[in-house]
Every structure is written in C-alpha cells, then in structure tokens.
Number of protein chains: 2
Amino acid sequence: VTPNEAFLGAFALHPAGVAVITGVTASGKPVGFTATSLTSFSAIPPRASFNMSQLASSYRALSVGSKVVLHFLAEDQVGVSARMSGPSNERFEGDHWVADDDGLPRLHGVRAMLTAHVVNVAEVGDNAAVIVQIDGGETNPDRRPLVYVERAFHSIGEVLES
Amino acid sequence: VTPNEAFLGAFALHPAGVAVITGVTASGKPVGFTATSLTSFSAIPPRASFNMSQLASSYRALSVGSKVVLHFLAEDQVGVSARMSGPSNERFEGDHWVADDDGLPRLHGVRAMLTAHVVNVAEVGDNAAVIVQIDGGETNPDRRPLVYVERAFHSIGEVLES
C-alpha cells in the first residue's frame, strides 16, 4: 500500500469524539466546523488543540487572541455534526444555535462546552494545528457520547476491565 | 467552575482512540508512550499529530527527522495501554514488542500501525504538538477498537443512524 492508503486505512479505524468549533469573523459573521481532531494539549494551563485546513471557511476567524467555543457532541447530535460539516453557507441555518454576548455561536444540546481563546497557530504545509486556552465552560454528563469510527457514528459500548 | 475544572470535566467526557507511539533514542534505547491525542493532520501529504509534555521521557527522541511508529490499539490491549503509560523503565519489559530494522519498537496485536517521521514540533509552554508524515503501515480491521472516555476503557457501541 502507498503511504496515503496506509494513513487513510489506519485513521478510518481510529475512534474519535465529535466536536464542533465555532468562532466569529471580524465583521461579526458566525463560522464553525465539525472536528474529530479536538484533543487536550496541556492541563496546566488548560489548553486544547485541533487541526484544520488553512483553506477552510473558518480559518480567517482564527488567529492568536480569537475567541472560540468548543462543543462536545452528544449521541443524539449526528444531525448537528452533519450540518456543521456541510456547505459553509448553510451551517447556521436553523435554530440549533444562539449567539452569545461576544457574537460566538453556542450550539444547543451538547454534552460539554468550553469557551477558549487561541494562543498559538502552527502552520505546516496547507494545514494548521490551533492551540487554544480554556476560559470557562460547562458539562451535561447525563447526555451520552458520540463516537466516529469506520466512517460511521457509533454509541459508546461497555466498560472493559483494566 | 474554574477554567481548569471546566477543561478536565469536558475532556473526561470526550471519547478518544488509544494509541502507542514509539521511537528510539540516538543511543538505540527504545522509548514510547500511550497517547489519546493522536489524530490526523492532513491527507495530502498524509500527516498526523499528537501532543506531549516536553518533560516526557520520550521527548528527547523526537525531533525533526526522527522515525516513529504509531500503533492503534485494539479492544483486548488495555494491558498494553497501561504498560506503555506506566513507569518509563518498565515499558519494554515483556514480549509485547519487537525491534524493527531501525531499532524502533513494534507492538504486537495492534489494530493498525503506521511508520512515520517527524516533520514539525510546535512547542507551546511546557508541551508540544508533534506533526509526523506517514511512510507506510498496515491494518488489522478484524480486531475491535478501543475507546477511552469517562476515565475508563470502553468497547465501541452500535452504529447510529445519520
């Protein structure tokens, strides 16, 4: 297999939580996208990272200091995931969100939400690793998690003995 | 809640696949660690990223050009995950691995494996985002995935309608 085929095959088998990251442009336009690359970066200070294309519609809204909202999707939010990864001009059509005091889109019904600001953008090739620092947030642990693996959305399974 | 409490609460709820990343020091010593931060970075060229502390025992083996092996753990590898996140001087005790021609540790029984080399290290605070480019690999899709969420290992659940 080629390196690209190996990469695609292995990452298709790798489970990931599903997040939606939102922001706002300088002119006040909401932007956002579904990401399976959201992961913790450091605990002290509390920071997270996600990866994106520099060609993405949301990229111009993300520079050092930009505020963002990280949404951790619940099992019943497959539709929200699809909407926020669909055509960029349709992502905020509907009542699945509300603007907060800073104009940032907040999605309803998520399992957890963190507010954050960008502290570093590492551009490598046409993509970038964006590192954000957490400012606040809330959780709704009664909602069940959503997992993406093998090109499909899954619920979580049983706890395994460790 | 404080930003740190919000961060910990939200990421505890976020599912992640479990990977083990291995390398070798200049003197030929195997190094490696369990990571839930492994994620794809770009498809063309095929690149992945993971996060780590600059204080980690493996960090000195990871600079631009260093070869690494990315292992995607299977459902029956909770013990391997624990061993590779335990005391660093005990991680390669046992027969769960073999050295490849470059001296890199290869773990047995994984769901997928990618060979790669480091193309960028973005240091932010005491941590770093490491970006690697894939050189090859293989998959064993018959093995079942391992998911970490809510501070416990889980199997994958049912496919959800999209």
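Here is how names work: the chains are called A, B, and so on, in the same order as the sequence lines, proteins then strands, and each is numbered from 1.
Inter-residue side-chain proximity for B:Val69 and B:Met113 is flagged as met; some heavy-atom pair is nearer than 4.5 Å. Side-chain atoms of B:Leu160 and A:Leu146, non-hydrogen and from C-beta on, do get closer than 4.5 Å to each other.
The choice from B:Ala12, B:Ala128, B:Ala122, B:Ala116 that makes the most heavy-atom pairs within less than 4.5 Å of chain A is B:Ala128. Top candidate by heavy-atom pairs under 4.5 Å with chain B, chosen from A:Asn120, A:Thr139, A:Val124, is A:Val124. Annotation: maximal heavy-atom pairing with chain B below 4.5 Å, among A:Gln133, A:His14, A:Arg143, A:Glu75, occurs at A:His14. Interface check for chain B: of the options A:Asn4, A:Asp76, A:Leu73, the most heavy-atom pairs under 4.5 Å are formed by A:Asn4. Between chain B and the residues A:Leu13, A:Leu114, A:Ile134, A:Leu70, the most heavy-atom pairs under 4.5 angstrom are made by A:Leu13. Annotation: maximal heavy-atom pairing with chain B below 4.5 Å, among A:Leu38, A:Asp126, A:Leu8, A:Val1, occurs at A:Leu38. If you tally non-hydrogen atom pairs under 4.5 Å between each of B:Gly17, B:Ala16, B:Ser155 and chain A, the highest count goes to B:Ser155. The most heavy-atom pairs under 4.5 Å with chain A, out of B:Gly137, B:Ala10, B:Gly9, come from B:Ala10.
Hydrophobic cluster membership differs between A:Val24 and A:Val121, with clusters built from Ile, Leu, Val, Met, Phe, Trp and Tyr side chains linked at under 4.5 angstrom. No continuous path of hydrophobic side-chain contacts links B:Phe72 to B:Val20 [ILVMFWY only; heavy atoms under 4.5 Å]. There is a path of hydrophobic side-chain contacts, each under 4.5 Å, that joins B:Ile156 to A:Ile156. With hydrophobic clusters built from ILVMFWY side chains whose heavy atoms lie under 4.5 angstrom apart, B:Phe33 shares a cluster with B:Val118.
Residues A:Ile21 and A:Ala35 share a closest heavy-atom pair of CD1-CB, 3.8 Å.
For B:Val159, the parts lying near chain A are the backbone and the side chain together; criterion is any non-hydrogen pair under 4.5 Å.
Between the CZ atom in B:Phe7 and the OG1 atom in B:Thr2 there is a gap of 11.0 Å [rounded to 0.5 Å]. Summarising the geometry, atom CZ belonging to A:Arg144 is positioned 11.5 Å from atom CG belonging to A:Asp142; distances are rounded to the nearest 0.5 Å. Of the inter-residue distances, the one linking B:Asp135 atom CG with B:Thr115 atom OG1 reads 5.0 Å to the nearest 0.5 angstrom.
Contacts between residues 79-112 of chain B and chain A, defined by a heavy-atom separation under 4.5 Å, are made by B:Arg111, B:Ala112. Contact residues of residues 41-65 of chain B toward chain A are B:Phe41, B:Ser42, B:Ala43, B:Ile44, B:Pro46, B:Arg47, B:Ala48, B:Ser49, B:Asn51 (heavy-atom distance under 4.5 Å).
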